Amino acid sequence: MAKTETSPDAARPWQSYHTVYTNAKAGMDGVDKEKVQRIVYEVSKGSKFFENEERKEAFIRQKIENMRSRCAKITSADSSHYRTHKTVKSGLSSSKYICETVAEKRIVELEATRDLSRVWIHVDMDAFYAAVETLSNPLLEGKPMAVGSMSMISTANYEARKFGIRAAMPGFIAHKLCPELIFVRPDFKKYTHYSDLTRKVFRRYDPNFMAASLDEAYLDVTEVCTEKGTSGEEVAKEIRAGVFEETGLTCSAGVAPNRLLAKVCSDINKPNGQFVLPNNRMAVVTFISSLPIRKVNILTEKPHGQLYLQIGGIGKVTEHILRDALGISTCEEILQKASYICALFSHSTSGLELSPVSAQDMLLTDTPEVRLRKSISNERTFSATGDETLLYRKLDPFEVLKSIQARTLKKSTNS
DNA sequence: ATACATACC
DNA sequence: GACTGGTATGTAT
């Protein structure tokens with residue numbers, strides 16, 4: 001009997017354990033994903049973390065079931081509408097007919113915001129922390145290496161990625177995937193130093209460039225292109241050469257009419273490459289059509305200081321819901337099923353999901369002149385305990401202070 | 001108002 | 001044995 005993709009296979013229980021580690025990522029092309037998935041599952045199985053993941057998965061599955069049944073209702077209301085030529089009401093306030101009108105209106109609004117007049121470059125350093133560590137210790141060259149600890153990995157170099165190891169993976173799982181993996185403790189002083197060197201280069205092309213993290217920045221080079229009579233492609237090449245000259249590190253770049261697209265483009269020819277999406281409606285629409293929904297990101301509109309936040313987007317959970325409830329995996333399918341999205345999600349969530357329609361940055365609005373930091377926090381993970389005394393001790397202001405001081409001291413003394 | 005969930009690096 | 005930490009937004013209750 002033919003096996004369908006959706007039927008759970010009891011012989012392959014690891015297939016139902018969803019992690020982010022098998023997503024398409026630069027340097028992960030030749031990886032045996034099935035094997036990685038199996039090892040991750042085997043190492044994780046039975047842990048408290050794993051149990052919690054299963055609990056969350058079950059909740060999401062239930063949410064998907066609800067959505068599917070609401071979908072079915074919308075569709076049947078729709079067909080009765082066309083059969084009887086009567087207005088559909090009686091509890092079914094959201095017939096497909098009404099949803100389509102709402103969706104069409106929103107799409108028209110989004111289309112109107114499309115702007116192809118700017119040239120944006122997104123620069124993304126290649127395996128940044130790992131590359132910096134290799135600069136200061138050339139013995140690491142060519143060997144699988146990760147910056148982080150047995151608990152958590154921040155960055156893996158390309159040799160390590162061949163084993164399926166990547167950022168946000170716990171070190172002990174990475175060790176199972178590659179026992180020879182070298183671990184290097186993070187040293188943020190070093191990364192900040194090299195980050196500053198790259199920013200000196202960025203400033204030459206856009207004094208108001210926006211840094212999204214130590215290793216990523218958005219530059220508006222529209223004026224540079226006009227003044228010098230050059231193209232975004234040429235400017236990106238210059239920037240990458242400049243960064244290499246200043247730091248000895250490689251980076252990748254994406255050139256596009258807006259930040260959302262530029263970020264997607266910088267990943268295409270990683271590492272040490274670039275990709276240009278021309279400011280041309282046809283090219284942009286074609287590009288967006290085949291784009292996996294997971295690539296959709298949103299950003300805050302104004303920086304605090306030089307920092308530009310990348311928040312939200314379609315992540316693991318939303319991707320799962322859209323795929324299993326509505327059969328959506330590309331941005332083109334978002335457009336086709338826009339009426340369902342408008343019917344099933346809140347206004348702001350559907351706005352996020354529909355944003356690729358206009359191939360436009362999804363920006364947070366209602367922004368003050370300069371967006372200020374809204375919160376500051378400091379957290380510590382400790383092992384599970386039922387010991388009440390210990391828990392209260394963790395919360396004791398004096399203990400908290402001591403812990404923060406200890407960490408601050410550690411940071412300023414290493415190297 | 002508060003807790004919880006999702007997201008990004 | 002071990003699944004971070006900082007900041008932000010959205011949703012449910």
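All chains are named by letter (A, B, ...) in the order of the sequence lines, taking the proteins before the strands, and each is independently numbered beginning at 1. Note that the coordinates shown come from a computational prediction; the quantities given were computed from them, not determined experimentally. We use all heavy atoms of the structure for the numbers below, so side chains are in, but hydrogens, waters and symmetry mates are not.
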Give one of base, sugar-phosphate or nothing for [X], where a contact means two heavy atoms less than 4.0 Å apart.
| X | answer |
| --- | --- |
| A/S151 | sugar-phosphate |
| A/E216 | sugar-phosphate |
| A/K316 | sugar-phosphate |
| A/L214 | nothing |
| A/F345 | nothing |
| A/S346 | sugar-phosphate |
| A/I153 | nothing |

Any [X] side-chain N or O less than 4.0 Å from OP1/OP2 of [N]:
| X | N | answer |
| --- | --- | --- |
| A/R407 | C/dT4 | no |
| A/K374 | C/dT9 | yes |
| A/T381 | C/dG5 | yes |
| A/S348 | C/dT9 | no |
| A/T318 | B/dA7 | yes |
| A/K263 | B/dC9 | yes |

_How about CD on A/E34, more than 12 heavy atoms from neighbouring residues, nucleotides or ligands closer than 6.0 Å, or not?_
yes
*Is the base of B/dC8 touched by the side chain of A/S213 through a donor-acceptor pair closer than 3.5 angstrom?*
no
_To the nearest 0.5 Å, what is the distance between CD on A/Q37 and CH2 on A/W14?_
9.5 Å
_Nearest heavy atoms of A/F188 and A/L214, plus distance in Å_ = CD2-CD1, 4.2 Å
*Nearest heavy-atom pair of A/H122 and A/K263: which atoms, and what distance?*
ND1-CA, 3.5 Å
Selected nucleotide, minimal atom distance to [X] side chain, candidates [options]:
| X | options | answer |
| --- | --- | --- |
| A/N378 | C/dT7, B/dC9, C/dG6 | C/dG6 |
| A/M150 | C/dC3, C/dA2, B/dC8 | C/dA2 |
| A/R380 | C/dT7, C/dG5, B/dC8 | C/dG5 |

Rounded to the nearest angstrom, tell me the gap between atom [atom1] in [X] and atom [atom2] in [N].
| X | N | atom1 | atom2 | value |
| --- | --- | --- | --- | --- |
| A/E353 | B/dT6 | CD | P | 13 Å |
| A/K56 | B/dT6 | NZ | P | 7 Å |
| A/F49 | C/dT4 | CZ | C1' | 11 Å |
| A/N52 | C/dT4 | CG | P | 11 Å |
| A/L352 | B/dA5 | CG | P | 20 Å |
| A/I311 | C/dT11 | CD1 | P | 13 Å |
| A/K63 | C/dA12 | NZ | P | 7 Å |
| A/Y191 | B/dC9 | OH | P | 18 Å |

*Check the pair A/E319, A/R294 against salt bridge (Lys or Arg N to Asp or Glu O under 4.0 Å), reporting the backbone distance first and the verdict last.*
CA-CA 6 Å; A/E319 179 187 42; A/R294 191 59 185 270; 3.0 Å; yes
_Return whichever of A/I321 or A/Q310 has its heavy-atom-nearest nucleotide of DNA chain B closer to the 5' end._
A/I321
_Ring centres under 6.0 Å, that's the criterion: do A/F50 and A/Y17 meet it?_
yes
*Sticking with atom C1', work out how far B/dA7 lies from C/dT4, rounded to a whole angstrom.*
15 Å
_Of A/V43 and A/S377, the one whose closest DNA chain C nucleotide lies more 5'_ = A/V43
*Toward the 5' end of DNA chain C, which comes first, A/F50 or A/E379, by nearest nucleotide?*
A/F50
*Compute both the distance and the angle, then confirm whether A/R161 meets the cation-pi test with A/Y158: under 6.0 Å from the six-membered ring centre, within 45 degrees of the axis.*
yes
